[in-house]
Amino acid sequence: MITDSFDNKSKAIINPCPKENAPQVDACILTFSHEIENFVLKNYDCKQIATIWFATGGTPIYQIEYKGKTFAFYKTYVGAPACVGSVEDTLSEIRTDKYIVFGGAGCLDKEIAHGKVMVPTEAYRDEGTSYHYVPASDYITIKNADIVANFMTENKIPFVKGKAWTTDSFYRETINNFEKHKADGCISVDMECAALQAMCDFRGLNFYTFFTSGDLLDAPEWDERHEEGEKEGTQHDTGHFDIALELARYVV
């Protein structure tokens, strides 16, 4: 069974292999948005420092100098296996122990406004990747949630804290499952959080994350809550990259 997948008794067949000349950075920032990637490339002095490869092609990793700090930045893939795999690959290409990950998430509470920042405190493990990195459990604790929340408070950024539901299949977010997770205190649904925390726990990395409140499940019918082409308050909101960049500086 998937819940029996964690094996810390034998060695992995494949492991990340840090390169001797891998550049040192203070933190690495991940986005899921091609719009934000384009914004960063146009508005910051970016230098490509590495490439991670999948069968779908290469993913460039860029370096940004910001207020005396050096950060890596790249666009990752949606979904736990590919997103976690991309971070594992960076362990060969760059040197850092801090990862800031931000993106859109479904909202399970109609009282939370569209575009509001959500800080996950725990993530329900309704995916498969995390079970290969830590022992089975219903939830995994997002260890740096309080640090992220303190940053939001100190910078007067409105936010809400709560549990997340991490799923592998957004087309199988059924009414019964939505109601169960909402009743259990989940305010958001995403596809990577639980797995990223599990992998970072296993590798000894620091994981900092926040979500942009997006589509609404807590309604008579699914509500996208944005118009075609709208960016503000969505997962493509470039203002949330500014938050991620300042968060990176804060945790460094």
Side-chain angles (χ1 to χ4, degrees), residues 18-19 21-54 56-78 82-105 115-119 144 147-148 150-152 154-159 190 192-193 196 200 205-214 226 229-252:
K19 296 179 179 177
N21 62 344
Q24 180 78 45
V25 296
D26 293 303
C28 183
I29 303 171
L30 280 66
T31 183
F32 297 91
S33 167
H34 66 282
E35 296 279 1
I36 289 176
E37 181 188 44
N38 291 336
F39 167 81
V40 173
L41 293 179
K42 289 179 182 178
N43 290 277
Y44 291 85
D45 185 12
C46 298
K47 177 178 72 173
Q48 185 171 342
I49 56 173
T51 304
I52 51 179
W53 291 93
F54 290 80
T56 49
T59 295
I61 301 175
Y62 300 100
Q63 179 177 296
I64 302 170
E65 301 290 339
Y66 181 71
K67 294 184 179 179
K69 302 298 180 184
T70 301
F71 300 119
F73 166 80
Y74 73 96
K75 180 186 67 179
T76 188
Y77 292 88
V78 172
C83 182
V84 165
S86 79
V87 177
E88 290 273 42
D89 281 346
T90 68
L91 301 180
S92 300
E93 302 294 339
I94 61 175
R95 297 181 186 274
T96 186
D97 66 348
K98 297 176 177 65
Y99 286 79
I100 290 84
V101 184
F102 71 105
K116 191 166 187 175
V117 170
M118 300 188 289
V119 177
N144 290 321
I147 294 175
V148 176
N150 289 342
F151 162 80
M152 300 296 174
E154 291 177 22
N155 287 274
K156 297 180 171 57
I157 299 169
F159 74 99
D190 74 289
E192 301 85 16
C193 186
L196 283 167
C200 286
L205 305 173
N206 287 294
F207 171 55
Y208 307 89
T209 191
F210 65 90
F211 302 147
T212 302
S213 175
H226 73 273
E230 182 183 0
K231 295 179 184 178
E232 186 176 354
T234 74
Q235 62 185 332
H236 302 300
D237 190 334
T238 56
H240 285 195
F241 173 76
D242 296 334
I243 294 174
L245 192 55
E246 288 294 342
L247 174 59
R249 195 167 72 93
Y250 180 84
V251 300
V252 169

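These figures come from a predicted structure and were not determined experimentally. The residues of the chain are indexed from 1 along the displayed sequence.
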Is any side-chain heavy atom of Gln63 closer than 4.5 Å to a side-chain heavy atom of Gln48? no
Would you compute the distance between atom CG of Asn43 and atom OG1 of Thr238 and round it to the nearest 0.5 angstrom? 8.0 Å
Given side chains that start at C-beta, do those of Val148 and Val251 come closer than 4.5 Å, heavy atoms only? no
With distance as the sole test, does Asp190 use its side chain to make a donor-acceptor pair with the main-chain N or O of Cys193 at under 3.5 Å? yes
Passes side-chain hydrogen bond (donor to acceptor under 3.5 Å, both in side chains), Tyr62 versus Glu37? Steps please. CA-CA 10 Å; Tyr62 300 100; Glu37 181 188 44; 4.7 Å; no
Can you tell me how far CE of Met152 sits from CG of Asn155, rounded to the nearest 0.5 angstrom? 8.5 Å
Who are the side chain to side chain contact (heavy atoms under 4.5 Å, CB included) partners of Lys67, not counting sequence neighbours? Glu246, Arg249
Does the side chain of Ile52 reach to within under 4.5 Å of the side chain of Glu93, using non-hydrogen atoms? yes
Value rounded to 0.5 Å, distance of SG in Cys46 from CD in Glu65: 10.5 Å
Ile36 side chain reached by Lys75 side chain, heavy atoms, under 4.5 Å: no
Reported CG-to-CG distance for the pair Leu247 and Asp242, which is rounded to 0.5 angstrom: 12.5 Å
In Å and rounded to the nearest 0.5 Å, what is the OG to NZ distance from Ser92 to Lys19? 7.0 Å
On a heavy-atom basis, which atom in Gly115 and which in His240 lie closest, and how many Å separate them? O-CE1, 3.5 Å
Set out, in order, the CA-CA distance, both residues' side-chain angles and the distance that settles side-chain contact (heavy atoms from CB on, under 4.5 Å) for Phe241 and Tyr44, then state yes or no. CA-CA 12 Å; Phe241 173 76; Tyr44 291 85; 3.6 Å; yes
Could you check if a side-chain atom of Tyr208 sits within less than 4.5 angstrom of a side-chain atom of Lys98, using non-hydrogen atoms only? yes
Output the distance between atom CG (Leu245) and atom CZ (Phe73), rounded to the nearest 0.5 Å. 10.0 Å
So Thr90 and Ile61, do their side chains get closer than 4.5 Å, heavy atoms only? yes
Would you indicate whether the side-chain heavy atoms of Pro158 and Val117 approach each other to under 4.5 Å? no
Mind listing the side-chain donor-acceptor pairs of residues 21-32 below 3.5 Å, one per line with the distance, residues two or more places apart or on another chain?
| from | atom 1 | to | atom 2 | distance (Å) |
| --- | --- | --- | --- | --- |
| Gln24 | NE2 | Arg95 | O | 3.0 |
| Asp26 | OD2 | Thr70 | N | 2.8 |
| Thr31 | OG1 | Ser33 | N | 3.1 |

In terms of the angle between their ring planes, are Phe102 and Phe210 parallel, tilted or perpendicular, with boundaries placed at 30° and 60°? parallel
Of the non-hydrogen atoms in Pro60 and Gly58, which two are nearest, and what is the gap between them? CD-O, 3.7 Å
I'd like to check Phe151 versus Ile157 (side-chain heavy atoms, cut-off strictly below 4.5 Å). Are they in contact? yes
Using 30° and 60° as the class limits, which term best fits the ring planes of Tyr66 and Phe71: parallel, tilted or perpendicular? tilted
Given side-chain hydrogen bond (donor to acceptor under 3.5 Å, both in side chains), test Tyr99 with Thr209 step by step and report yes or no. CA-CA 8 Å; Tyr99 286 79; Thr209 191; over 6 Å; no
Please walk me through it: do Leu196 and Val87 pass side-chain contact (heavy atoms from CB on, under 4.5 Å)? CA-CA 9 Å; Leu196 283 167; Val87 177; 4.0 Å; yes
Intermediate values then yes/no, side-chain contact (heavy atoms from CB on, under 4.5 Å), Thr59 and Tyr77: CA-CA 10 Å; Thr59 295; Tyr77 292 88; 3.6 Å; yes
Taking Asn144 for the side chain and Phe207 for the main chain, is one N or O donor matched with an acceptor at less than 3.5 Å? yes
